[in-house]
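Notes follow once the structure below has been shown.
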Protein chains: 2
Amino acid sequence: MDQDLALPLPQKLANQLREGLIGGAFTPGQRLSEQALCDELDVSRNTLREAFRLLTKEGLLEHKANRGVFVTTPSIAAVIDIYRVRRMLECPALAHAYPNHPAAARMRAAVQSARAARQRLDWREVGSANMRFHTAIVELADSERLSGFYAQVSAELRLAFFLLDDPELLHAPYVDMNEAIISLLEQGRPAAAAASLETYLNQSERTILAALARRAAA
Amino acid sequence: MDQDLALPLPQKLANQLREGLIGGAFTPGQRLSEQALCDELDVSRNTLREAFRLLTKEGLLEHKANRGVFVTTPSIAAVIDIYRVRRMLECPALAHAYPNHPAAARMRAAVQSARAARQRLDWREVGSANMRFHTAIVELADSERLSGFYAQVSAELRLAFFLLDDPELLHAPYVDMNEAIISLLEQGRPAAAAASLETYLNQSERTILAALARRAAA
DNA sequence: CAAAATAAAATTGTTGAACAATGTTGACGG
DNA sequence: CCGTCAACATTGTTCAACAATTTTATTTTG
């Protein structure tokens, strides 16, 4: 998927660590020891630290002076902020999209993947496909920088998902909503699609905030 | 302005370099020698390289493998992309703003600075004040992440400004437009303000693209 | 003389070790 | 039980070294 071979080592490292982070290999709040990771990944401390800076800038890690780096624990405020961003990026992108945009095909493909995964109860893949769906929505806007920013924000959101432990509740209900959204766009009704998307985002935000609040209470 | 004393050295370095970059201390396309900057700034290569990574991720520097880092030369495509982003962030932020938002006061203050600077023909400060004005617009949206992203994008845009050499043409005409925009917002007419802003952005984009095209031809 | 091939120099990429500064742990005494 | 202080571990930063690559200079060749 990546032609990582050409990339400098710290970036490869950062990509590898990011995969682990959004894949749930580490738990939020966990401290990442330089020594331990250097040994495990077989790179020097300097190289690892450069990768840490990258991921810190993306919001996936937090750096506390003289104490080390920690996996970000998404706060309620962070989730609220992320959903505000999502509404501001995704809804206009969809509202102004034209149905033949290549990203629309990616939206459709993501929905089909999600349906198939749901049928075999593979909630992990349902979540991934859902993310591809929304990434494609932002790509409708045809802005390299916007897409890059969205990738960053959604990676941070994934961290929040791993705080919760009911992936079915988290992703399953949204497959059909995505289906409806892409269908509306394909029918040339982008405004209606955007309205559905906003409903989706509000509902999703509430679900996650509620789950997060329950977790904080416990 | 910054409490840089507490920040780790690479970040302080990055801030310092960023100031230089958006202040025009380097010219786009210029190569930054590690050795030379290490000597000049009195830091080690490792530390400098960490700062480079940060700025590369922000789009201010470009990293070519085994060849070093170069000051980004903004392309026509980059400028178009940046203005697309600006329209998508600034216009909705302004349209949904309420006039008593603290950021509105910052908009007003920026306009006053710009007027004063224009009177004494200090185009550099006019440009800075103009940037503060638009930063404040994004802050109306109350999103930490959005503001951070905008800071990054506008830093990149500043690079493009330094490619041009007529700061008066670039900034002077917009002081009055900004004045009109904040006045509309203060009068409780955010929709009209947003419409004016869109006009502003379109006009500004055309000016810069034209200047950039002239420069490319020469 | 021009162009290609080659050798030399300079630069970046990565590592490892060193030491200072800061944080953490645990024993000790009140 | 709580605070103090020393021992320990970890991070922050620098330095030196070497491999890999690019740039420059030189030589060879047509």
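Reckoned from all heavy atoms, side chains included, excluding hydrogens, waters and symmetry mates. If you're wondering where the values come from, they're calculated on a predicted model, not measured in any experiment. First the proteins, then the strands, lettered A, B, ... as listed; each starts at 1.
Listed by first then second residue, pairs satisfying side chain to side chain donor-acceptor pair (under 3.5 Å) with a partner in residues 65-79 of chain B number zero, not counting sequence neighbours. Among residue pairs with one or both ends in residues 36-49 of chain B, those qualifying as side chain to side chain donor-acceptor pair (under 3.5 Å) are Glu34(B)-Arg45(B), Glu34(B)-Arg49(B), Ser44(B)-Thr47(B); sequence neighbours excluded. Residue pairs meeting the salt bridge (Lys or Arg N to Asp or Glu O under 4.0 Å) criterion with at least one member in residues 82-94 of chain B, sequence neighbours excluded: Arg86(B)-Glu90(B), Arg87(B)-Glu205(B). Among residue pairs with one or both ends in residues 72-108 of chain B, those qualifying as ring pair (Phe, Tyr, Trp, His ring centres under 6.0 Å) are Tyr98(B)-His101(B); sequence neighbours excluded. Sorted by first and then second residue, the salt bridge (Lys or Arg N to Asp or Glu O under 4.0 Å) pairs with a member in residues 13-29 of chain A read Arg18(A)-Glu58(A); sequence neighbours excluded.
A donor-acceptor distance shorter than 3.5 angstrom exists from the side chain of Asp81(B) to the backbone of Arg145(A), with no hydrogens or angles considered.
With a heavy-atom cut-off of 4.0 Å to chain A, the contacted part of DNA chain D has its first and last nucleotide at dT10(D) to dT14(D).
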Distances under 3.5 Å between nitrogen or oxygen atoms of protein and nucleotides 20-22 of chain C:
{"residue": "dT22(C)", "atom": "O3'", "partner": "Asn66(A)", "partner atom": "ND2", "Å": "3.2"}

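Residues from residues 38-57 of chain A placing a heavy atom under 4.0 Å of any atom in DNA chain D, listed by number, are Arg45(A), Asn46(A), Arg49(A). Taking every heavy atom of residues 28-36 of chain B and every atom of DNA chain D, no pair lies under 4.0 Å.
Scored by the ring pair (Phe, Tyr, Trp, His ring centres under 6.0 Å) test, Phe26(B) finds no partners at all (sequence neighbours excluded). Partners of Arg120(B) under the salt bridge (charged side-chain N to carboxylate O under 4.0 Å, His left out) rule, at least two apart in sequence or in another chain, are Asp122(B). Among residues two or more places apart in sequence or in another chain, the side chain to side chain contact (heavy atoms under 4.5 Å, CB included) test is passed with Ser113(B) by Glu125(B), Ala129(B), Arg132(B).
With contacts defined as side-chain heavy-atom distances shorter than 4.5 Å, the pair Leu48(A)/Leu17(A) qualifies.
Between Ile80(B) atom CD1 and Ile76(B) atom CD1 the span is 6.5 Å, to the nearest 0.5 Å.
The side chain of His63(B) contributes no N or O atom lying less than 4.0 Å from OP1 or OP2 of dT12(C).
Donor-acceptor pairing under 3.5 Å is recorded for the side chains of His134(A) and Tyr200(A).
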